[in-house]
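Since the structure comes first, as structure tokens, the remarks are kept for the end.
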Amino acid sequence: MATSVDRIPAKPARPSRAGTGSPPPRRIPLPILLAGLCLALPVSLVCGAGLGASGLSWAEVLRYLWAGLTGGAIGPDEVSAYTIVWELRLSRAVLAAIVGAGLSAIGVAVQAMVRNALADPFVLGISSGAAVGANAVLIFGALGALGIWALSTAAFVSALLAMLLVYAVARTERGLTPLRLVLTGTAMYYGFSAVTTFMVFAAERGEAARSAMMWLLGSLSGANWASVPIAAGAVLAGLAHLGWSAQRLNALAMGDETAAALGVDPGRLRKELFLVSAAVTGAVVAVSGAIGFVGLMVPHAVRMLVGADHRRVLLVAPLAGAVLLIWVDILSRVVLAPAELPVGVLTAVIGVPCFILLMRRRSYSFGGI
Amino acid sequence: MRIDIDALTVETAGARLVDEVTLGAGEGQLVGLVGPNGSGKSTLLRCVYRALRPSSGTVRIGGDDFHALSTREGARRLAALPQDAVVEFDFTVAEIVAMGRMPHQGPMARATDEDRDRCTEALDGVGAAHLAERGFLTLSGGERQRVLIARALAQQPRVLVLDEPTNHLDIAHQLEILALVRGSGLTVLTALHDLNLAALHCDLIHVIDGGRIVASGAPYDVLTTELLAEVFGVRAHRVAHPETGALQLLFDLPRARPATP
């Protein structure tokens, strides 16, 4: 009896480059990458403390850092130099690391949550909500009773209010769907931005408008040790949750139905991610303003290095983001010293060309339902 | 493991997409779900793999109410290939197959030897071992579907649910995919568009129309010319496969567009 058609051996699989034409994975071994970043982080922090306009020698810088770490003594004539290194520069570098780590990790999470490679932490409209509160403080002196805490409190509270608003609008009986989240977040972004712009426009004092602008573009110039613990706590808690959820994020990135079939409740996971993203974004934006492009670029760069598996991406992205932002902040201080560039300007200067290269190298699909 | 669907109903915005559907698939059977576009096939299957909660009715897997099981326990019994395989990020084939091990792992657990063995086995089983390090997005449609089946097999389920697994594939890959599924020995419930494929491969066919099951049975008994005229609005001739004698259908070209209900 002749062979029936289903017993004809299948042709060997043809390699096909049809797809979306993405390059074959080119990867750096994970341990080497992690070791390099773990080394780069403290080195970058020291550089952050050492580099700047005041021309201190490295020996002095290291001695002040040692004194700060161990509580050692310094001479009375060194107080101002010590203050620059320990109080101003190091706190700023540490905060840059925290903000960079937070924005990068949340960028990864948001991209998986809305299943869109072009999303970033700000696509949910939360940062622009925070900007409304921050500018109310900067321009109109709202919450004056809270003193130095007024700005970050206002930013964080308005970030949470913005989150509730986005959540309430985006929610359907089927839960949070990716496209609705992106559309709602984008609409809210424009709404809140209009409010902020109006506030800047209505500001009577030119200096207030200038600091509002600085805040909108993102800046770490307001850094001090007091702002570190809350931001660090929020970012570390967020990183812990995301690390815990890494494999579930993989499933979610494959589609809601596939996730459900793999035993992951996509609605519940998306709710968790939304809360974590909003809280971390709020905490980060409260201390640094809306620093753009880090949350978009770092996740992509890391995926190119280690592949799409979130268990690896979420290990590398926070470290890479931390190191990147420390250096971007150093540049923002020294390029036009003694004047200071908003950090957001530099991330955009670096980010936009990278982004365009990326877009040309890979063809993305939009919408991502 | 048996799968039993009892009086399953799905209502959204007042419309009954699935209406009191009752059907079953016995241990090791390959059961086809056929019906015109919009008849409720996908909605029904979504309830079975729990992407959708039915308005009423039950799905039982191995006798237990599936919607009462934990999501992990559920995913250890049943694996599915939904239609939504739009992948935005460039996972490798090995990573995608490894996701099938999720229901067997804790959230932070590293892959064990057992996990790796199952993944290798699954990829071998679908003849895709050589693709392991390739990016999923670089694969052809047929390769992608084989990889997704490998992921489902790595899940070590007892039941496999497939929603149009042969969509967009050329004929050789259609036959290959169904042979793979058949060869798995699992209880399989699959939606199929191609009635001849269904007639060749299925032990049992359920015909769904307007959310209701209108016929169930062996392909030869179910796919009658009367039923095909009524449900699909086509004129068909039943012929025997010249070699195997299996039922095959030949369709007349429509002279005028038949009225569809």
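Lettering of chains follows the sequences in order, A, B, ..., and the numbering in each one begins at 1. The figures here come from the full heavy-atom set of this structure, side chains too, leaving out hydrogens, waters and symmetry mates.
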* To do: Counting only heavy atoms closer than 4.5 Å, note whether B:Arg53 contacts chain A via side chain, backbone, both or neither.
  => neither
* Checking B:Arg151 against chain A: side chain, backbone, both or neither under 4.5 Å from a heavy atom? -> side chain
* chain A heavy atoms under 4.5 Å from B:Ile96: which part of the residue, side chain, backbone, both or neither? -> side chain
* **Under the ring-ring contact (aromatic ring centres under 6.0 Å, His included) test, residues paired with B:Tyr49 that sit two or more places apart** => none
* For B:Asp124, which residues count as a side-chain hydrogen bond (donor to acceptor under 3.5 Å, both in side chains) partner, sequence neighbours excluded? -> none
* Asked: Can you find a pair of side-chain heavy atoms, one from B:Val159 and one from B:Leu189, that are under 4.5 Å apart?
  -> no
* To do: Determine whether the side chains of B:Gln156 and B:Arg101 contain a donor N or O and an acceptor N or O closer than 3.5 Å.
  => yes
